[in-house]
Enquirer: 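Have a look at this one.
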Amino acid sequence: MDFNYLTWIIFLPALGALIIAFLPRLSPRGVRWLAAVFTFIPLALSIYLFTIFDRSAEMAGVMQFEESLSWIPAIGANYHLGVDGLSLPLMILMAFLGFLVVLISWKIDLRPREYFAWLLLLETSILGVFCSLDLLLFFLFWEIEVIPMYFLISIWGTGRKEYSAIKYVIYTLFGSAMMLAGILSLYFTTGSLNMVEIAQGGLGMIQTAMPAAAIFFLLLTGFAVKLPVFPLHSWLPDAHTDAPTAVSVVLAGALLKMGGYGMIRLCVSIFPGVAHDYALPLIILAVISILYGAAVTLRQTDLKRLIAYSSISHMGYVLLGVFALGQLSLTGAALQMFSHGVITGLLFAMAGLVMHNAGERDLRKLGGLARQMPIIVVVFSVAGVASLGLPTTSGFIAEFLVFVGSFSSGVVPGIQVATILGVLGIVITAGYILWMLQRVFYGPPLKQFDKVKDASVLDRVYMFAFIAVIMLVGIYPAILTDVIKMGISPIVGLLGG
Amino acid sequence: MFSETVFTPLFLPELTLLVSAVVVILLDLFVKRKWWLAAVSIAGIVVSAGFAIAMWGGDSQSIFFGMMAVDNFAIFFKLLFLVIAALVILASTDYVAKFARFQGEYYALVLLSALGMMLMAATTELISIYIALELTSISLYILVGFLKDPKSTEASLKYLLLGAVASAILLFGMALVFGFTGQTQLGEIAAAIQSLSLSGVVSSPGLMLGIVLMIAGFGFKIAAVPFHMWVPDVYEGAPTPVTAYLSVASKAAGFAVILRVFYSAFGIPSWLSLDWMLIFAILAAVGMTVGNIIALTQTNIKRMLGYSSIAQAGYLMVGLAAVSFLWESSYRGTVTGQGGLLFFLASYALTNLGAFTAIIAISNKLDSDLIADYSGMGKRAPLLALALTLCLISLIGMPPAAGFMAKFYIFSGAVQQGLLWLVIIAVINSVISAYYYLRVVKVMWLGKPASATRVPSSIALRVALAISCLGVLVLGIIPGFVMKLAEMAAQMFVS
């Protein structure tokens with residue numbers, strides 16, 4: 001492999017950010033176009049990688065498009081990139097959202113240079129997390145993400161933006177502090193920073209008396225904050241609500257997935273035994289996240305806050321799928337991450353559009369917008385029903401796989417009960433989604449919204465892209481599950497199932 | 001034979017610095033354009049650094065009848081002090097130009113204290129160590145009082161009085177150690193201690209007291225809690241370039257001498273090093289926590305960085321505790337611990353200097369050190385604000401800045417030594433610290449500018465800032481080279 005695809009995909013947005021930040025006399029228009037170009041190329045490249053990804057059975061679990069350079073010889077760290085079936089869909093998801101959020105942000109006119117520079121840096125760091133195979137590099141990308149996020153929320157946000165931004169930072173740093181301790185312990189006990197090597201070596205590589213469970217939980221804490229798992233979730237509603245639309249899209253769409261990805265890639269693959277031992281409490285937490293998240297969502301009166309809380313519930317399915325530890329459930333969890341990324345991305349984009357056009361986000365004051373927004377209402381509804389898992393959308397197949405997988409996994413006795421409780425979450429989801437749609441779009445038309453506009457041409461472009469992906473995965477899920485399986489099956493092999 | 005031992009080329013770096021200090025004082029009498037003074041000082045530093053680099057990599061040697069060692073460890077620190085002194089001088093030119101008199105003395109004192117620090121890193125004998133320490137301290141006492149306004153004078157007096165007490169404690173500790181071992185040479189002290197039986201040492205608590213008193217004396221230098229009381233007032237009152245100098249160079253020198261003394265003299269037997277490892281581990285935990293929590297409420301940026309430097313000293317002591325364990329453990333071949341400490345010092349020096357340089361430029365214009373007055377600095381001086389932001393991010397320990405690599409490196413050494421509990425306290429502390437560092441960032445980028453006037457800065461200052469920031473980025477992204485140097489320097493402890 002001569003061409004360093006992954007390096008280009010990861011660093012093109014950062015390059016764009018540097019150009020935008022330091023090229024003087026760039027008009028806002030120029031900034032937008034540059035941002036669009038520097039996110040479109042990574043998207044095109046990652047779709048190309050998806051098409052040439054080797055799906056043959058013998059490549060299962062093998063990293064593809066690998067790049068490795070010696071980085072810091074003194075501690076054995078390498079610049080080591082690669083993707084497998086688990087990370088490839090997430091990388092594409094981020095590249096996809098990265099391009100679309102530039103379109104979504106097209107109307108930003110407050111300090112556009114800084115805005116797009118931070119947005120592009122954010123994309124680089126998240127792409128880097130999904131592609132890194134070296135623990136130090138992984139952690140470096142993981143941490144870099146905090147800074148752009150802080151600025152994006154605190155400058156371009158709304159409401160209590162500074163409070164939300166610092167809350168986000170403190171939570172994230174707390175999580176990554178635990179993760180750093182975990183990574184250091186892992187490094188010390190295995191003597192390696194190579195994620196693939198450690199996973200293949202398994203617990204056999206751990207040479208000292210340090211309990212594996214301690215390392216497992218240090219790492220898990222970091223990922224649980226990000227996912228987020230009840231009771232570490234309270235940063236999420238604030239950050240989502242007060243962030244600008246495009247940032248909510250990235251946050252819900254790709255950033256939360258770093259948590260789920262990390263759990264599968266590090267916690268489960270490296271410590272299958274520990275994961276098995278502690279599956280029960282984690283599954284209980286998953287069920288709490290699902291039901292608690294959904295119940296709280298029902299009570300929300302703020303459009304963005306409602307969608308934000310729904311993410312907690314949906315990420316509970318990921319946690320359930322991961323720690324049910326079966327082939328199907330893990331595949332479902334990975335697919336759910338992709339699917340939720342697209343669906344919630346679209347939901348946030350639509351919520352942002354409603355807020356932007358109608359100038360209102362309080363559900364009690366909205367109403368009857370279907371007349372003024374015929375296009376938005378359709379798209380919003382499609383996103384909504386996808387979120388509650390209607391067949392032919394990606395949400396259905398992902399949640400279906402999680403439930404079937406966890407019901408049949410038998411990792412702990414009584415997981416069927418947990419699964420059934422989880423399914424109840426879907427019912428609540430249907431409740432709040434439909435209720436939200438009804439309160440925003442139906443009912444008598446209100447006078448103050450008479451002049452409200454529908455989606456512009458640019459809006460329709462990204463709406464179409466989102467819906468196309470949701471439907472494509474919903475109707476032909478094998479396009480993704482074939483790839484995900486390549487990454488999941490070796491992990492299931494480790495679990496002995 | 002005699003002349004050879006008195007004059008040795010191995011002493012050239014120190015000698016050059018001494019000569020340039022004298023030249024600067026004399027030159028001050030004759031030249032009208034005072035920038036010559038800075039230029040000569042920098043030239044002296046460059047020549048001195050050239051000599052030091054030429055000695056790098058050689059075998060360890062001993063000069064002046066075993067009073068001084070010339071090894072990679074000493075040379076690493078000498079270069080570090082020279083870089084710091086050069087950056088401080090570059091950053092001072094604006095500030096010093098405001099003084100009507102004594103500009104020559106200012107530069108000369110900076111050079112002399114750098115000379116003292118270089119000696120601190122190199123001397124291997126208790127009395128010489130004490131003299132080197134005093135040379136450094138006395139120069140710094142004067143520098144702190146250089147502004148001659150009430151605050152600066154108070155700071156200087158406080159520093160002098162507390163510093164003198166600390167010196168007395170240190171000297172008392174040295175005397176006790178001498179009393180029980182009969183030696184002042186570090187190597188011979190170690191031999192004397194080893195010749196004592198376990199019960200012999202335990203039955204002579206005076207030796208232990210001596211070691212503890214020495215920790216207290218050196219603890220003052222590195223601003224370890226509970227010997228940190230002088231820090232906030234002195235940092236606030238001193239001229240800002242001197243604060244920068246104090247916060248990095250004086251601290252680095254303290255760590256250099258602690259490493260040297262404790263590893264050479266008290267490293268063996270292992271139960272002894274375990275004892276003081278525990279002391280350092282506890283001091284580290286307390287220092288980080290106290291420094292960070294008090295820093296949360298500060299409104300003056302110099303005081304805030306003062307408390308932050310107390311916290312950073314805590315992180316550094318994590319490294320100290322980690323190395324001490326090496327004698328015991330089976331990992332003696334791997335020296336990440338000490339390497340981590342040296343690397344942390346280098347990256348901390350660049351980071352803090354960068355932050356202070358930006359503060360010097362901003363406070364020159366504002367005449368205020370209140371964080372609230374930094375409001376809107378992102379608009380008034382985007383590059384200065386960007387540089388300060390980078391340095392603060394580095395102090396938090398976030399990538400892509402040097403502070404991240406430094407923490408990773410030093411904590412990985414600590415985890416190797418089984419100090420996971422300490423590392424967890426340390427990482428939680430970095431989360432706390434994020435709050436107050438980011439507060440400054442927030443004020444600069446989100447606040448409304450108080451006026452539209454830009455903040456000017458001289459070329460020398462911009463050069464200093466650019467070098468620091470570049471260094472912070474290089475150490476944060478491609479730290480391999482400096483880590484290798486740090487590991488080579490740390491070889492002293494395993495040979």
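The basis for the numbers below is simple: all heavy atoms, side chains too, and nothing from hydrogens, waters or symmetry mates. Chain letters run A, B, ... following the sequence lines, proteins first and then strands; every chain starts at 1. It should be emphasised that the depicted structure is a prediction, and the values quoted were computed from it without experimental measurement.
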Enquirer: Contact between B:Val423 and A:Leu180 at the side-chain level, heavy atoms closer than 4.5 Å - yes or no?
Expert: no
Enquirer: Can you see which heavy atom on A:Tyr150 is nearest to which on B:Val441, and at what distance?
Expert: CE2-CG1, 4.4 Å
Enquirer: Taking atom OH of A:Tyr278 as the centre, does the number of heavy atoms from other residues, nucleotides or ligands within less than 6.0 Å exceed 12?
Expert: no
Enquirer: Might you confirm whether atom CH2 of B:Trp421 has over 12 heavy atoms from other residues, nucleotides or ligands at distances under 6.0 Å?
Expert: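 It does: B:Trp421 CH2 has more than 12 such atoms within range.
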Enquirer: Can you tell which part of B:Leu422 gets under 4.5 Å to a heavy atom of chain A, answering side chain, backbone, both or neither?
Expert: neither
Enquirer: Can you tell me which portion of B:Leu438 sits under 4.5 Å from chain A's heavy atoms? Options are side chain, backbone, both or neither.
Expert: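 Backbone plus side chain of B:Leu438, per the 4.5 Å heavy-atom cut-off to chain A.
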Enquirer: What option among B:Ala434, B:Pro479, B:Ser430, B:Gly476 has the most heavy-atom pairs under 4.5 Å with chain A?
Expert: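 Greatest number of close heavy-atom pairs with chain A: B:Pro479.
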Enquirer: Chain A heavy atoms under 4.5 Å from B:Ile432: which part of the residue, side chain, backbone, both or neither?
Expert: neither
Enquirer: Determine whether B:Phe408 and A:Ile75 make a side-chain contact, defined as any pair of heavy atoms from C-beta on separated by less than 4.5 Å.
Expert: yes
Enquirer: Taking atom OH as the centre, does B:Tyr435 end up with more than 12 heavy-atom neighbours from other residues, nucleotides or ligands that are less than 6.0 angstrom away?
Expert: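 No - once you tally the heavy atoms of other residues, nucleotides and ligands closer than 6.0 Å, there are 12 at most.
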Enquirer: Is A:Leu184 close to B:Gln416 at the side-chain level, that is, under 4.5 Å between some pair of heavy atoms?
Expert: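 B:Gln416 does not reach A:Leu184 side chain to side chain.
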Enquirer: Please round to the nearest 0.5 Å and tell me the distance separating atom CE of A:Met178 and atom CD1 of B:Ile424.
Expert: 5.5 Å
Enquirer: I need the residue from A:Leu136, A:Leu218, A:Ile183 with the largest number of non-hydrogen atom pairs under 4.5 Å to chain B.
Expert: A:Leu136
Enquirer: Among B:Pro400, B:Pro399, B:Gly480, B:Gly397, which residue forms the greatest number of heavy-atom pairs with chain A at distances under 4.5 Å?
Expert: B:Pro399
Enquirer: Kindly indicate whether the side chain of B:Met405, heavy atoms from C-beta on, has any atom under 4.5 Å from the side chain of A:Ile72.
Expert: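 Side chain of B:Met405 against side chain of A:Ile72, heavy atoms only: contact under 4.5 Å found.
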Enquirer: Measure A:Phe141 against the heavy atoms of chain B and call it side chain, backbone, both or neither at under 4.5 Å.
Expert: neither
Enquirer: Please state whether the side chain, the backbone, both or neither of A:Leu140 comes within less than 4.5 Å of a heavy atom of chain B.
Expert: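 A:Leu140 touches chain B through backbone and side-chain heavy atoms alike.
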Enquirer: Which heavy atom of A:Glu114 sits nearest a heavy atom of B:Trp445, and at what distance?
Expert: OE1-CE3, 4.2 Å
Enquirer: Testing the basics here: between B:Val431 and A:Ala177, what is the closest heavy-atom pair and its distance to 0.1 Å?
Expert: CG2-CB, 3.8 Å
Enquirer: Please indicate whether A:Lys167 has more than 12 foreign heavy atoms, meaning atoms of other residues, nucleotides or ligands, lying under 6.0 Å from its NZ.
Expert: yes
Enquirer: Where on A:Ile166 is there a heavy atom nearer than 4.5 Å to chain B: the side chain, the backbone, both, or neither?
Expert: side chain
Enquirer: Against chain B, label A:Phe22 side chain, backbone, both or neither, depending on which of its atoms sit under 4.5 Å from a heavy atom there.
Expert: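 A:Phe22 touches chain B through side-chain heavy atoms alone.
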Enquirer: Give me the ring orientation class for A:Phe139 and B:Phe404: parallel if the planes are under 30° apart, tilted from 30 to 60°, perpendicular past 60°.
Expert: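 Ring orientation, 0 to 90° scale: parallel.
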Enquirer: Between A:Tyr79 and chain B, which part of the residue has a heavy atom less than 4.5 Å away: side chain, backbone, both or neither?
Expert: neither
Enquirer: For A:Ser185 and B:Leu420, work out which heavy atoms get closest and say how close.
Expert: OG-CD1, 3.5 Å
